[in-house]
**Q** 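Sharing a structure with you now.
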Amino acid sequence: MTASQAAARTTALRTRAERVIPGGVSSNVRLLAPRVFFERGAGPRLWDVEGNDYVDYLLGQGPAFLGHAHPRVTEAVARAVRSGMVYGAQHVLEVEAAERFIEAVRWPDLVRFGVSGTESVQGALRLARAATGRRRLLRFAGHYHGWVDNVLMDFGPGGGVPATLGQPADALADWLVAPFNDTDALAEVFSAHGEEIAAVIVEPMMCNQGAIVADPGFLAALRSLATAHGAVLIFDEVITGFRLALGGAAEHYGVTPDLAVYGKALAGGWPVSALAGRADLMARFGTGEVNHSGTFNASVMAAAAVVATLEVLAEDPPYAGVADHGTRLRAGLAALGEKHQVPLRIQGLPAAFHVSFGGPGSAVGTGPARDLGGLRELDLVRYAEFSRLLAGHGVWVAGRGIWYVSAVHGEAELSDALHRVDAALAADSRTPPKTWA
Ligand SMILES: Cc1ncc(COP(=O)(O)O)c(C=O)c1O
């Protein structure tokens, strides 16, 4: 296949996709990404229809934590699926998946599986309201909890507002929004509204905007304030679960929530989510007092994928290797930023970190942003353009800045990725920063 024949394959697919899929993509987060069409993924790499390989630090927005097509997961699912896919009833793998989940995460008593993080968050909020008899909800600026009307939010200095056309403004009326990492502001919200708050939900590391880690003590303060005011504490572990540690952010930070929501890394790439928590809360689903339903919940494939993934994670915990790879990758990126005089800001944890350009005038290695205010200074738009340039050089990352490291990224990927980023920075017409417009 010549280069022009290869490019023609992509162009033809793009035309076909745009004819039948709005914008040519099936999730709006992909609208800003380059229109690459992938043919296959294996371990830490992807291959497009033109035959190019990519070192993948997007991991499908997080799920491919064991790498693409992990043999244990694919074989377990393939074996299970031959006996049927959805029974609308209980089955052996479902019980095994729940047992393994509780064994891995340790603090929850009970778990219910779902299909997406968005829907499991809804279950958690409903359960908290049912248990407390209260209506209001508290969250943090910049945190993401799904795409449906009652949680999707844009954050400006004036507070949270609808983020899309078609979203009724009053869908967000029950929310109180506090700044992340600000214990004093949090205490004030609780002191003003403590009696009304059913639940407080938090991304224990703010991954969706900037991989901002919780300040020491912030999550512990949140835990005590929620307890003191009778509010249910929900950890949204859709990104952090099974990625920061087997027990997720709760284990990593040593703070235990009342309920938590998981997804992404839980099932080796299969669409599975989970809502887990304390028995006295979760039992309300069991009595039928609180509805939680779903045709595909704990399907045979999902349960098989959970069991296989959690077996792999428990038998050979990848966390030290992920931390080592992420640490060296971050150091390599920072060195390349200095080499090319580009003000790269890198923050977060080695397993999931955020890369962005500092604003005009900022120095290389500018310190971490603590909250959304810090992030607004950053040139995220320029970074999104850079992510497209990286794709052209064989590094696949999210346009919003998050980089995910998998259990199977190795030396070859580290070396390839850094060489490719080096080449992309050299090709970036806007470096060095003196030419910043
Ligand atoms: C923290 C967090 N919560 C909830 C969700 C929603 O999960 P899903 O996309 O599976 O609906 C996401 C998705 O990225 C997320 O990052």
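We count ligands from 1, going down the list as the structure has it; atoms in each ligand are counted the same way.
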**Q** Among pairs that include at least one residue of residues 130-142, which meet side chain to side chain donor-acceptor pair (under 3.5 Å), considering only residues two or more places apart or in two chains?
**A** R135-D174

**Q** Can you pull the ring pair (Phe, Tyr, Trp, His ring centres under 6.0 Å) pairs that have at least one residue in residues 73-124, sequence neighbours excluded?
**A** Y87-H91, F101-F242, F101-Y262

**Q** Can you tell me which residue pairs pass the ring pair (Phe, Tyr, Trp, His ring centres under 6.0 Å) test with a partner in residues 267-287, sequence neighbours excluded?
**A** F285-H292

**Q** Could you list each N/O atom of ligand 1 together with any protein N/O atom closer than 3.5 Å, one pair per line with the distance?
**A**
unit_1	atom_1	unit_2	atom_2	d
ligand 1	3 (N)	Y144	O	3.3
ligand 1	3 (N)	D236	OD1	3.1
ligand 1	3 (N)	D236	OD2	2.6
ligand 1	7 (O)	T118	N	3.4
ligand 1	10 (O)	G117	N	2.9
ligand 1	11 (O)	G117	N	3.4
ligand 1	11 (O)	T118	N	2.9
ligand 1	11 (O)	T118	OG1	2.5
ligand 1	14 (O)	K264	NZ	2.9
ligand 1	16 (O)	N208	ND2	2.9

**Q** Salt bridge or not between R278 and D109? Use side-chain N to carboxylate O under 4.0 Å.
**A** no

**Q** How long is the straight-line distance from CD of E188 back to CG of L186, given to the nearest 0.5 Å?
**A** 10.0 Å

**Q** Given D236, which partner from the list T240, I234, I239, V238 fulfils the side chain to side chain contact (heavy atoms under 4.5 Å, CB included) test?
**A** V238

